[in-house]
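Right, one structure below, let's go through it.
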Amino acid sequence: MAAADEGVDRIYVSGDILNPDKPFSLKDIQSLQAYIKNKRPGAELYLGTPRMMNEMQFEIYKSGLQTMLPYIDGILIGNLGAAWAFKNMGVPLAGDYPLNVFNSLAADFYRAQGTAQVTASIELNAACLKKLCKAFDSIELIAHGRIETMYFDHDFFEIYGHDLNTPFMLYNEAGGFEIYRDQHHRTHLLTKSRFTILPLINDMRRLGIYAFRIEAQTEKPEALREIIRAFKEKNAGAVFNNPVLNKYAYSYEALRFK
């Protein structure tokens with residue numbers, strides 16, 4: 001609700017619901033759609049697919065999507081199989097960052113599968129991102145949030161007997177990671193530190209990118225409101241000077257800018 005209150009253009013409902021949150025029901029989607037349209041009539045609601053799916057889940061999701069189609073504006077595709085399985089559902093498809101669109105060949109491939117928009121790989125450097133933007137005019141960029149680095153078809157919480165409602169930590173030489181379990185008992189590794197390209201928004205717009213996504217699944221509503229407002233202020237030309245956001249990294253791994 002916080003994102004809708006702040007007037008964003010599109011809200012994605014994740015296909016991987018992390019504990020302690022519960023999966024969305026049809027009634028939840030209906031209520032969310034009505035709330036979004038009331039706050040901003042032109043805003044869109046996209047329903048995401050899990051990033052890992054088996055054959056049974058494809059059938060279950062296809063059936064569930066049929067009932068939700070009247071209440072969503074598109075589907076966020078998290079894996080190649082989903083792009084093929086849901087391309088004829090009658091709503092636009094957007095490619096999520098696990099598709100790892102790194103160049104124009106990958107973008108063209110997913111466009112051929114029916115995706116109207118793709119998310120650039122978070123591992124792109126500035127030069128490669130520039131080439132991708134020239135070749136494909138519908139690029140979305142992850143602009144802020146915790147990045148999911150790995151996911152497993154194993155339930156680490158059950159293996160270690162950990163509390164399902166509390167993420168646990170993993171540390172290595174690269175830093176800290178928070179471990180969550182989803183509704184299918186799969187394990188997800190998210191960076192403990194948030195990533196942001198807020199200071200670089202104007203540079204990204206000069207590349208032709210106008211779709212910026214905040215990964216907000218683990219954010220509290222008030223924190224999300226602050227993040228959205230900071231992006232709006234920067235987009236309006238404000239100087240980047242936020243006491244909370246300025247401590248975050250400006251880039252992630254290969255994403256480096258001069």
Side-chain angles (χ1 to χ4, degrees), residues 1-17 21-49 61-78 82-83 86-97 110-111 114-120 133 136-145 196-198 201-202 204-238 242 245:
M1 301 300 187
D5 291 341
E6 295 301 323
V8 300
D9 295 319
R10 181 183 293 174
I11 292 177
Y12 293 111
V13 175
S14 176
D16 295 312
I17 307 301
D21 294 330
K22 305 299 181 184
F24 287 83
S25 65
L26 175 59
K27 185 177 180 180
D28 293 331
I29 294 298
Q30 291 172 326
S31 298
L32 181 57
Q33 190 241 18
Y35 191 88
I36 292 170
K37 301 301 182 182
N38 179 59
K39 288 291 182 178
R40 182 166 182 161
E44 298 176 316
L45 175 62
Y46 272 55
L47 191 62
T49 69
Y61 270 79
K62 194 165 189 177
S63 175
L65 281 169
Q66 292 286 0
T67 65
M68 294 183 180
L69 282 176
Y71 310 103
I72 63 175
D73 299 291
I75 302 170
L76 180 66
I77 297 300
F86 305 135
K87 65 181 178 181
N88 296 319
M89 299 293 286
V91 294
L93 304 182
D96 202 355
Y97 72 86
Y110 284 108
R111 179 158 43 190
T115 57
Q117 177 180 297
V118 294
T119 306
C133 292
F136 198 88
D137 58 3
S138 297
I139 298 293
E140 184 169 81
L141 197 63
I142 303 297
H144 184 95
T196 193
I197 57 167
L198 180 56
I201 289 298
N202 291 335
M204 298 299 100
R205 292 182 67 182
R206 282 192 284 271
L207 288 179
I209 300 174
Y210 290 90
F212 300 98
R213 192 197 322 167
I214 296 170
E215 288 288 303
Q217 189 170 4
T218 61
E219 298 289 355
K220 300 295 184 184
E222 284 309 311
L224 178 57
R225 292 179 194 276
E226 183 177 7
I227 294 164
I228 294 172
R229 290 168 187 167
F231 272 87
K232 283 186 171 182
E233 291 169 5
K234 179 63 178 175
N235 196 47
N242 185 289
L245 301 186

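This structure is a prediction, so every number in the text was calculated from the model and none was measured.
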Go through the structure and list residues passing salt bridge (Lys or Arg N to Asp or Glu O under 4.0 Å) with [X], not counting sequence neighbours.
X	result
Glu6	Arg225, Arg229
Asp16	none
Lys39	Asp5
Lys87	none

Checking [X] now: which residues fulfil side-chain hydrogen bond (donor to acceptor under 3.5 Å, both in side chains) with it, not counting sequence neighbours?
X	answer
Asp21	none
Thr119	Arg213
Tyr110	none
Ser25	Asp28

If I take atom [atom1] from residue [X] and atom [atom2] from residue [Y], how far apart are they, to the nearest 0.5 angstrom?
X	Y	atom1	atom2	value
Arg205	Ile201	CZ	CD1	8.5 Å
Arg10	Glu140	CZ	CD	6.0 Å
Asn38	Ile36	CG	CD1	11.0 Å
Ser14	Glu215	OG	CD	8.0 Å
Phe86	Leu65	CZ	CG	5.5 Å

With heavy-atom distances below 4.5 Å as the criterion, would you say the side chains of [X] and [Y] are in contact?
X	Y	answer
Gln33	Asp73	no
Gln30	Met68	no
Val118	Ile139	yes

Listed by chain and number, what are the side-chain contact (heavy atoms from CB on, under 4.5 Å) partners of [X], not counting sequence neighbours?
X	result
Val13	Phe24, Ile29, Leu32, Leu45, Leu47
Ala216	Ile214, Glu219, Leu224
Thr218	Leu18, Arg146, Tyr180, Leu190

Sidechain-backbone polar pair: Lys37 side chain, Ala43 backbone, donor-acceptor under 3.5 Å: yes

Can any side-chain N or O of Thr49 pair as donor or acceptor with the backbone N or O of Gly78 at less than 3.5 Å? yes

Residues two or more places apart in sequence or in another chain: which of them pass ring-ring contact (aromatic ring centres under 6.0 Å, His included) with Tyr12? Tyr46

